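To start, the structure under review is shown below, and the notes come after it.
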Amino acid sequence: MMRFTQFEDDAVTVARNLLGQRLVRVFDGERLSGTIVEVEAYLGLHDAAAHTFNGRRTARNESMYLPGGHAYVYMIYGIHHCLNVVCGAAGDGTAVLIRALEPLEACETMLRNRVGGRTLRRELKKHDLCSGPGKLTQAMAIDRDFDGESLTDSSRLWIEQEVVSVAHDSIVSSPRIGVDYAGEWAKEPLRFFLRHNVFLSC
DNA sequence: CTAAAGATTGGCT
DNA sequence: GCCAATCTTTAGC
């Protein structure tokens, strides 16, 4: 197994390279994992959709200024957590949001985590497990405690390099989701996902 | 101090 | 397609 460590590139490069790699979380001594199938790039201080826009620096987004390879985890809508991988050099404020996974290992545990957090009435299918940024963090029990975690050193959260890389022409791009407040930046094709994949958020 | 909004999700019409 | 849930963060006064 090779750990993925190429986090120092720009966010778009990292975003594209992360597709097809495996996010691994050790939870209660068990390996939970999934293939990354959907991501979004946030380009830093000049990107109106990024939390670091205009150099904004607060307690919440501080870890987004760490060197590439660290996690930036924040709570959204008071309910969900979102997992980002910081890119570039220290101070860049760039990151990639992990938006969806194809569940691979310990699906039963991830299912339990999903149902446990909030009561769901309908039965959860495999494609409902990690098909959104808030869903995958709930399935993998990732919260603010992981903010600033080093994905190159951590023994509970990291990314593994798959042997076979994703074909260039199977990567599709679109505008990012839920960033309408960002004006022209909302239109930039900075969401990347695997074509025809069943496990996407939308 | 107060208010408003948010890189979402699930349930209901 | 619409809307509530739920609460932290941030901007503004």
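Chain identifiers are assigned alphabetically (A, B, ...) following the order of the sequence lines, protein sequences preceding nucleic acid strands; residue numbering begins at 1 within each chain. This is a predicted model, so every value here is computed, not measured.
Ion pairing between a basic and an acidic side chain is recognised when a charged N comes within 4.0 Å of a carboxylate O; A:Arg156 and A:Asp145 show such pairing. The residues A:Arg176 and A:Glu188 are annotated as not salt-bridged, no charged nitrogen and carboxylate oxygen being separated by less than 4.0 angstrom.
Nearest to the side-chain atoms of A:Tyr74 among the listed nucleotides B:dG6, B:dA7, B:dT9 stands B:dA7. Listed candidates were C:dT6, B:dA7, B:dG10. Nearest to the side chain of A:Lys135 is B:dG10.
Following rounding to the nearest Å, A:Leu97 (CG) and B:dT8 (C1') show an atom-to-atom distance of 11 Å. Atoms NE2 (A:His127) and P (B:dT9) sit 14 Å apart, rounded to a whole Å. Between the NE2 atom of A:His51 and the C1' atom of B:dG6 there is a distance of 8 Å, rounded to whole Å. Distance A:Ile76 CD1 to C:dA5 P: 18 Å, rounded to the nearest Å. One can place CG of A:Leu83 at 14 Å from P of B:dT8, the figure rounded to the nearest angstrom. The distance from atom CG of A:Leu136 to atom P of B:dG10 is 12 Å, rounded to the nearest whole Å. Rounding to whole angstrom units, NE2 of residue A:His80 and C1' of C:dT6 are separated by 9 Å. Rounded to whole Å, the distance from CD1 on A:Ile79 to P on C:dT6 is 7 Å.
Residues A:Phe27 and A:Ala141 share a closest heavy-atom pair of CE1-CB, 3.7 Å. The heavy-atom pair separating A:Asn197 from A:Glu102 by the smallest distance is ND2-OE1, 4.2 Å.
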### Task
Any chance you could encode DNA chain B as dot-bracket? Rule is Watson-Crick or G-U wobble with both distances under 3.5 Å; [ ] for pairs crossing earlier ones, | for another strand.
||||||.|||||.

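Among the candidates A:Tyr74, A:Tyr181, A:Tyr42, the single residue satisfying the ring pair (Phe, Tyr, Trp, His ring centres under 6.0 Å) test with A:His51 is A:Tyr74.
The environment of A:Glu160 atom CD is dense: over 12 non-hydrogen atoms of other residues, nucleotides or ligands sit within 6.0 angstrom. The neighbour count for A:Met2 CE, taken as heavy atoms of other residues, nucleotides or ligands under 6.0 Å away, does not exceed 12.
Under the 4.5 Å side-chain heavy-atom criterion for grouping Ile, Leu, Val, Met, Phe, Trp and Tyr, A:Val14 is not connected to A:Leu97 through any hydrophobic cluster.
The side-chain ring of A:Tyr42 is stacked on the base of B:dA7, judged by centre separation under 5.5 angstrom and plane angle under 30 degrees.
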#### Entry: Heavy-atom protein contacts under 4.0 Å, nucleotides 8-13 of chain C, coded B base, S sugar-phosphate only, - none
-SSS--

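B:dA5 and C:dC3 have their P atoms separated by 16 Å, given to the nearest Å.
With rounding to the nearest 0.5 Å, the separation of CG in A:Leu129 from CE in A:Met140 is 10.0 Å.
Residue A:Arg114 places no side-chain N or O under 4.0 Å from the OP1 or OP2 atom of B:dT9.
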